[in-house]
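Structure first, commentary second.
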Amino acid sequence: MAKKITNRNEDYSQWYHDVIREAKLADQAPVRGCMVIRPNGQALWENMQDALDDMFKETGHENAYFPLFIPKSFLAKEAQHVEGFAKECAVITHSRLKSSGDGVEVDPESRLEEELIVRPTSETIIWDSYRNWIQSYRDLPILINQWANVVRWELRTRMFLRTMEFLWQEGHTAHATKQEAIEETEQMLEVYRTFAEEYMAMPVITGVKTASERFAGAVETYCIESLMQDNKALQAGTSHFLGQNFAKAFDVKFQSAEGEHEYVWATSWGVSTRLIGGLIMTHSDDNGLVLPPKLARYQVVIVPIWRDDEQKANVLDYCDNITKELEDSGIKYKLDDRESLNPGRKFAEHEAAGIPLRIAVGPRDLENHNVELARRDTLEKNIVDRDGLGDRIKTLLDQIQDDLYTAAQERIQENTHHAESYDEFKEIIKNKGGFVYAHWDGTAETEEKIKEETKATVRCIPLEGEKEKGKCMVTGKPSTQKVLFAKAY
RNA sequence: CGGGGAGUGGCGCAGUCCGGUAGCGCAUUCGCUUUGGGAGCGAAGGGUCGCAGGUUCAAAUCCUGUCUCCCCGACCA
């Protein structure tokens, strides 16, 4: 059997790229750090979008759209924000080309009076609008989300995990009180957790970022962190309490019921196509992509098998009957009746694409009133009765969704450690990797020292779990709880 | 942005050291035979050798520049 996917334990990075290629999720674009998202990848993203968008709407948000281009002066209005993003902005300086010889060149006469930034995030341009939208406490809260692309001029890129242009959603809300904004931040973090766990079957730890990892311009950054198969952590989503930083920068005040003028409280929160990278590295195996049924473009693929025209007609007839039942059961399916490819080839292709269930139907099955049902996650094959197939598959898809989550959770638990001393910590990070809980004194200096010496960073200060007091593993200073460390993407 | 590796048909590669006008496997197209785990035989199509300069009678091959990808580092919500 021709192996087109590198084994994970051989070269994890190569495996990751192989999976993306074989599942036809994306191609490398001609532009550095950018990718072409192919139909399989886009369908996956759209399914993620649909689920998330419903959750946003259920929590009272509405969608809007703000411009791709941000006046350079806007970005400068919030000091920390500009400092955080200045080094990775694409800047538009000219508006025209002119022909030169065989090709074209930038027309020097078209230089822009005010240069434009391609949005790395949209806080500034959105808060500029909010200033006009908000006068009174009656205008609040504003609960807006936008689905968009953003550009960050990254030096080192990786398909889905860090690309120069990526797709995401960014929620931007404005509130009358600090308390309400904090509640919003926490609520959206829970939305992300729910999405990651229930749809992606990707267990996450929720927590708060340290000052050094905080979003540029935020007062507090909350995050969901997960652990990938290679024992590196992935930040999968963030939700920021922005305080009044942007309200002050953009002079957004409202008049309270008492007639006072007060600055508005803000949040922002986002997840991106990086989630697809997380999905790949949570479930996939050496045969390719493994998708959770809730996000799969096709939940079931039917592969008919025949030897001659008569069998072909009968088998396809039998398949027709099955597809009707799947249709009625609300199952997303695909019938792969391509001629000229033999079944083995089709099996391999659909495995690489991560389709959760495969039904194979051949003459034998017609005779015995069966089908062969194969699970992508466990690679188990079973001959099952044709009757009640729709219900059986629905149950099985739910089972797969649960099993994927459980398997990922067990993997993460097995790779989560507690370090009581710095030596132990270093040993774990060096030899095992994974999540490591340890006491830290809360200072940036210690954090930096640990990062330099071990490459591990504080992923978050977990919101849940026991909050046992202790002493910093490095300095011995008091610590109120263990924090989560890992090497990260 | 620093160090290392690499760009040759859609994909994976050989050819580069030692210059002589491009080849293999897979894929594609057509035909026939096949089809329960990546089919077989026959025929056909497809490449300005990443791009731009230079050296030379002659460049995939030598020189210079540049772009892109991969790995490591720095950087990075």
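We name chains A, B, ... by the order of the sequence lines, and we start the count at 1 in each one. Quick note: numbers below take in every heavy atom, side chains included, and nothing from hydrogens, waters or symmetry partners.
Stacking of A:Arg358 on the aromatic ring of A:Phe347 is recorded, both the 6.0 Å distance cut-off and the 45° axial limit being met.
Remark: B:G36 base-pairs with no nucleotide in the shown strands. Criterion, Watson-Crick or G-U wobble with two distances under 3.5 Å. Base pairing of B:G10 is made with B:C26, judged by Watson-Crick or G-U wobble geometry with both donor-acceptor distances under 3.5 Å. Across all strands shown, B:U48 forms no Watson-Crick or G-U wobble pair with both key distances under 3.5 Å. Under the Watson-Crick or G-U wobble criterion, with both distances below 3.5 Å, B:G2 is paired with B:C72. The partner of B:A59 cannot be assigned: no Watson-Crick or G-U wobble pair with both contacts below 3.5 Å exists in any strand.
Within the nucleic acid shown, A:Asp11 has no heavy atom closer than 4.0 Å to any nucleic acid atom. A:Trp168 comes within contact range of at least one nucleobase, with a heavy-atom separation under 4.0 Å. Residue contacts for A:Gly84: at a heavy-atom cut-off of 4.0 Å it reaches the sugar-phosphate backbone alone, with no base atom in range.
Nucleotides B:A44 and B:G9 are separated by 15 Å at their C1' atoms, to the nearest Å. Nucleotides B:U68 and B:C51, compared at atom P, are 15 Å apart to the nearest Å. Distance noted for atom C1' between B:C18 and B:A58: 16 Å (whole Å). Taking atom P on both nucleotides, B:U55 is separated from B:U64 by 15 Å, rounded to a whole Å. For B:C11 and B:G53, the P atoms lie 25 Å apart once the distance is rounded to whole Å. A gap of 44 Å separates the C1' atoms of B:G5 and B:G36, to the nearest Å. Rounded to whole Å, the C1' atom of B:A22 lies 30 Å from the corresponding atom of B:G38. Here, B:A60 and B:G73 have their P atoms 38 Å apart, quoted to the whole Å.
A donor-acceptor contact under 3.5 Å is not formed by the side chain of A:Arg162 with the base of B:A77. The base of B:G37 sits with one of its N or O atoms less than 3.5 Å from a complementary donor or acceptor on the side chain of A:Glu351. Contact of A:Arg358 with B:G37 (side chain to base): a donor-acceptor pair of N or O atoms is detected under 3.5 Å. Residue side chain A:Lys455 does not reach the base of B:G73 through any donor-acceptor N/O pair under 3.5 Å, judged by distance alone.
Look at A:Arg8 and A:Asp285 and you find no salt bridge, because none of the NZ, NE, NH1 or NH2 atoms lies under 4.0 Å from a carboxylate O.
Within the 3.5 Å criterion, the main-chain N or O of A:Asn149 finds a donor-acceptor partner in the side chain of A:Arg119. Remark: side-chain polar atoms of A:Asn415 are not paired, donor with acceptor, to backbone N or O of A:Asn231 under 3.5 angstrom.
We find that CZ of A:Arg338 is positioned 17 Å from C1' of B:U29, with the value rounded to whole Å. At whole-Å resolution of the value, NZ in A:Lys451 and P in B:G73 are 12 Å apart. We find that CD of A:Gln80 is positioned 14 Å from P of B:C76, with the value rounded to whole Å. When the P atom of B:A74 is taken as reference, atom CD of A:Glu154 falls 15 Å away, rounded to whole Å. Between the C1' atom of B:G12 and the CD atom of A:Glu22 lies a distance of 11 Å, rounded to the nearest Å. We find that CD of A:Glu339 is positioned 15 Å from C1' of B:G31, with the value rounded to whole Å. In this structure, A:Ile305 places its CD1 atom 7 Å from P of B:G36, rounding to the nearest Å. Whole-Å rounding puts the A:Leu366 CG to B:U35 P distance at 17 Å.
Mapping A:Thr221 and A:Arg364 onto RNA chain B by nearest heavy atom places A:Arg364 closer to the 5' end of the strand.
The shortest distance between side-chain heavy atoms of A:Lys77 and A:Thr124 does not fall below 4.5 Å.
Of the candidates A:His172, A:Gln169, A:Glu170, A:Asn145 forms a side-chain hydrogen bond (donor to acceptor under 3.5 Å, both in side chains) with just one, namely A:Gln169.
Neither side chain, A:Asn368 nor A:Arg386, offers a donor N or O lying under 3.5 Å from an acceptor on the other.
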Every protein N/O lying under 3.5 Å from an N/O of nucleotides 68-70 of chain B:
unit_1	atom_1	unit_2	atom_2	d
B:C69	OP1	A:Gly33	N	2.4

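Separation of the A:Trp269 and A:His61 ring centroids falls under the 6.0 Å cut-off. Taking the ring centroids of A:Phe250 and A:Tyr130, they lie at or beyond the 6.0 Å cut-off.
Between A:Arg307 and B:U35 there is a side-chain N or O to OP1 or OP2 distance below 4.0 Å. Residue A:Arg156 places at least one side-chain N or O under 4.0 Å from the OP1 or OP2 atom of B:C72.
Checking B:G38, B:A74, B:A77 against every side-chain atom of A:Leu155, the shortest atom distance belongs to B:A74.
The aromatic rings of A:Phe241 and A:Trp265 sit parallel to each other, their planes meeting at less than 30°, with 60° as the upper class boundary.
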